[in-house]
Amino acid sequence: MTARPLAEALAGQRILVTGSTGFVGEALLERLLHDLPETPVTLVVRARGMISAHDRVRQVLAGPAFERLRTRRGDDLGPLLDSGHIAVLEGDLDNLPELPGDIDIVIHCAGEVSFDPAIDEGFATNVHGTLNLLAAIEASGSRPHYVHVSTAYVAGRQQGHVREGRLDHTVDWRAEAAMAAQLRERAEIDSRSAEQLAVFTAEADADHSTLGALSVSAEAERRRREWVTKTLVDAGRERGRSLGWTDCYTFTKAMAERAVEETAAHLPVTVLRPSIIESALRQPFPGWIEGFKMAEPIILAFGRGDLPDFPGIPDGVIDIIPVDLVVNATLAAAATRPEPGAPAYYTICSGARNPLSFRLLHDLVWGYFVEHPMVQRDRGEVRVPRWQWPGSERVDQLIRLGDRAHRTADRVVTSLPRSARTRDWARSLDRQRGRLDFLRRYFDLYRPYADAELHFSDRSTLALHEALHPDDVEPFGFDATMIDWRYYLVEVHVPAVVAPLTALSALRGPRTEPTRRVAENGSDTVAVFDMDGTLLSSNVVESYLWLRLPELAMTAKAREVGEVARALPRWLVTQRRDRAAFLRMVYRRYEGASIAELERIVDDELAPMMLTRLSSHAVRAIREHRLAGHRLVLVTGAVTPLTRPVAALFDEVVAAELSVDEFGRCTGHLDRPPLVGESRAAWLRHRALEAGWDLAASYAYADSASDLPLLRAVGQPVVIDPDVVLFRVARKERWPMEIWHGTKTQAPTVAAVR
Ligand SMILES: NC(=O)c1ccc[n+]([C@@H]2O[C@H](COP(=O)([O-])OP(=O)(O)OC[C@H]3O[C@@H](n4cnc5c(N)ncnc54)[C@H](OP(=O)(O)O)[C@@H]3O)[C@@H](O)[C@H]2O)c1
């Protein structure tokens with residue numbers, strides 16, 4: 001028991017801390033530096049990218065948690081590092097540096113805290129990482145008091161009273177760890193089986209076939225990798241659940257405890273089990289929190305009105321503990337050495353003596369948002385729902401129903417012709433998709449916690465608190481009865497969670513749509529335009545009929561229209577799968593047409609009509625590029641004669657070339673195939689190399705998902721009247737999007753552009 005004040009008991013004790021760049025570790029480091037100035041610390045920190053461990057610690061010391069310490073020490077914590085009061089060792093848990101031989105206490109905070117990591121990664125950090133640390137301690141010659149930060153939820157899915165002590169199970173952690181490591185190799189092998197690869201390719205083909213074979217392969221490979229990760233995440237969750245834990249996180253944390261008990265039996269060992277750790281009640285200041293933890297996403301989703309109900313039992317207990325109480329208990333436990341081979345266990349929780357029910361949590365948070373509603377950019381002040389607690393089965397059913405309805409609506413919208421209204425529907429469906437995905441993810445993750453009726457006992461922790469020196473009770477106390485839930489939630493925690501978001505939206509201002517800007521960056525910049533649907537409101541079949549019918553006799557005209565009408569459904573199906581094949585089918589019908597006559601028809605009859613279909617916005621954009629000195633290129637799948645009315649606007653026209661026999665008649669074949677999907681992008685890259693074009697500075701204008709490779713080939717893609725698939729990509733990538741057709745503006749003449 002701690003008879004002496006903590007500062008005295010820990011003075012001169014060298015403490016090694018892992019995880020000091022994380023939430024709990026940072027709070028612990030702050031208390032050590034602020035309140036225990038005679039206790040030197042050694043931090044094991046990994047480098048991140050180009051930032052060394054040392055610099056990461058400097059960044060941590062410059063953060064808000066250390067404000068009061070900076071104020072006290074005259075705003076410079078550098079000397080703490082330079083003097084060696086804080087020693088930094090660079091290393092990852094799977095590649096630790098040599099540890100000093102004079103460590104008195106190790107506090108192991110580092111861990112994989114996501115609920116659903118891939119099973120091998122969960123084991124690698126939480127189990128192997130812990131074993132590596134113990135091995136490094138052993139090799140160093142230090143014989144410290146080892147303090148292991150675990151979680152109260154290692155209790156798993158048991159119900160009722162949970163005592164502090166060794167977990168009661170017979171699971172072989174060594175076997176589980178070995179299997180977890182092997183599962184990745186198995187998943188990688190399975191993902192490459194012929195059957196599985198055929199599934200990825202078929203799925204990729206359904207969405208990407210119009211773009212070309214390479215896009216299909218890239219998508220199939222992306223799906224394969226995603227499948228491997230999902231398989232390993234599912235394996236972690238299901239293995240954990242099959243053995244009685246809630247998820248991979250609590251499963252691996254429980255395995256780590258047993259690994260510690262067995263491999264560190266020669267050391268004094270303390271296992272700390274905090275429940276859900278949230279923002280500080282008092283230190284370093286009320287509301288201090290780092291990153292989003294367990295309850296924050298839920299609180300924010302509730303404030304945004306995105307959480308209509310909750311799977312929990314209203315009278316069930318949600319066990320939350322402020323981070324400073326966890327830190328205080330950790331310091332008291334660190335100063336209290338158990339005998340080697342007889343680990344001490346402390347559950348740091350609130351539920352045992354100051355329970356917070358889900359209902360009270362909801363009522364307090366609801367009241368907060370009624371008084372301080374969140375403001376959404378497009379929805380104004382949000383009205384928060386009152387939960388009805390329909391039970392987890394019902395919430396599950398509601399999400400399923402929402403999912404089904406969404407899938408049906410999405411199928412319909414994706415197959416509708418493009419229009420402003422279809423894009424609006426797509427936008428609102430995407431918003432609903434985001435909400436449904438959020439609900440599904442959080443429902444699945446939190447359901448076992450919300451349904452759990454665990455009552456943690458904290459008798460040992462209370463005894464530890466009661467053993468504090470009287471002078472320490474106020475600054476270092478951790479009795480959860482000191483928490484006034486109304487004050488903590490309404491005055492401290494929820495405002496702390498909401499504040500960064502409010503600050504961020506104030507910084508961002510109203511949502512702005514990305515806009516197109518034509519920069520004057522020289523003649524190696526090109527602006528590539530697609531024709532049908534972008535420059536002109538036309539399509540291939542319509543253009544074919546414009547061009548072909550005037551050339552035919554009356555009876556042949558009627559026959560041609562009938563045959564085209566009959567072929568249309570087949571063409572549409574082909575177009576969805578392979579646009580080049582579809583174009584070839586249409587162009588076969590030019591067989592026998594006179595090329596000279598086609599060109600005459602275009603010049604004399606079609607040109608005026610086509611020019612009325614030329615978007616005035618397109619003409620304006622072309623003029624802007626011309627004025628900026630850019631090279632203008634038209635790339636189209638249409639046949640060359642059809643480009644004659646607009647060819648004068650461009651420096652270069654790339655179109656499908658009809659093959660012509662010695663009598664000047666079209667053969668129905670092509671001398672140059674139509675450039676579509678990937679072939680457009682490939683042509684552009686090749687031409688850019690030849691001509692020295694700077695594609696990163698260049699522009700492309702197009703309207704359909706099949707143009708994605710072309711749009712991705714340039715640095716300045718612009719999307720015009722997009723179909724639903726392209727609309728979604730453009731929103732995600734924040735590409736400028738313009739409506740060129742169906743809006744009336746005065747068209748500048750073509751002559752004015754040249
Ligand atoms: N937060 C809670 O509600 C809660 C509740 C109960 C128990 N706990 C336990 O408390 C401990 C700390 O949690 P936290 O909330 O502070 O987590 P956190 O904010 O995610 O921090 C995790 C820390 O672990 C470090 N880390 C992770 N993998 C590492 C590796 N392979 N090598 C070296 N360092 C590694 C991270 O370093 P980087 O910065 O380099 O990533 C970071 O410093 C964990 O053991 C957790 O299980 C947390």
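Sequence positions, counted from 1, serve as the residue numbers for this chain. Values below: every heavy atom of this structure, side chains too, minus hydrogens, waters and symmetry copies. When a ligand or atom number is given, it counts from 1 through the structure's own listing order.
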Ion pair Asp247/Arg241, N-O distance below 4.0 Å: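 Answer for the salt bridge query: no.
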I'd like to know if Asp444 and Arg440 make a salt bridge, using a cut-off of under 4.0 Å between side-chain N and carboxylate O.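 Answer for the salt bridge query: yes.
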Determine whether the aromatic ring centres of His372 and Tyr368 lie less than 6.0 Å apart.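 Yes, the ring of His372 comes within the 6.0 Å limit of the ring of Tyr368, centre to centre.
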Aromatic centroids of Phe302 and Trp366 separated by under 6.0 Å: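 Between Trp366 and Phe302, the centre distance exceeds or equals 6.0 Å.
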Heavy-atom distance to atom 22 (C) of ligand 1: which of Ser150, Gly111, Gly19 wins?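 Residue with the shortest heavy-atom distance to the ligand atom: Gly111.
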Give the single entry among Val44, Thr130, Thr21, Thr18 that approaches atom 36 (C) of ligand 1 most closely by any heavy atom.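 Heavy atom nearest to atom 36 (C) of ligand 1 belongs to Thr21.
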Which ligand 1 atoms, with their elements, are less than 4.0 angstrom from a heavy-atom of [X]?
| X | result |
| --- | --- |
| Thr125 | 28 (N) |
| Ser275 | 5 (C), 6 (C) |
| Val113 | 13 (O), 17 (O), 20 (O), 44 (C), 46 (C), 47 (O) |

Between Leu93 and ligand 1, which residue portion shows a heavy-atom distance shorter than 4.0 Å: side chain, backbone, both, or neither?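 The answer is both.
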Checking contacts here: is it the side chain or the backbone of Ile277 that comes within 4.0 Å of ligand 1, counting heavy atoms only? Could be both or neither.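 Both backbone and side chain.
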What do you reckon, does Tyr153 put a non-hydrogen atom under 4.0 Å from ligand 1?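 Tyr153 does not count as a contact of ligand 1 under the 4.0 Å cut-off.
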Begin with the C-alpha distance, continue with both residues' side-chain angles, and end with the deciding distance and a verdict on side chain to side chain contact (heavy atoms under 4.5 Å, CB included) for Ile105 and Leu10. CA-CA 9 Å; Ile105 298 167; Leu10 293 172; 3.6 Å; yes
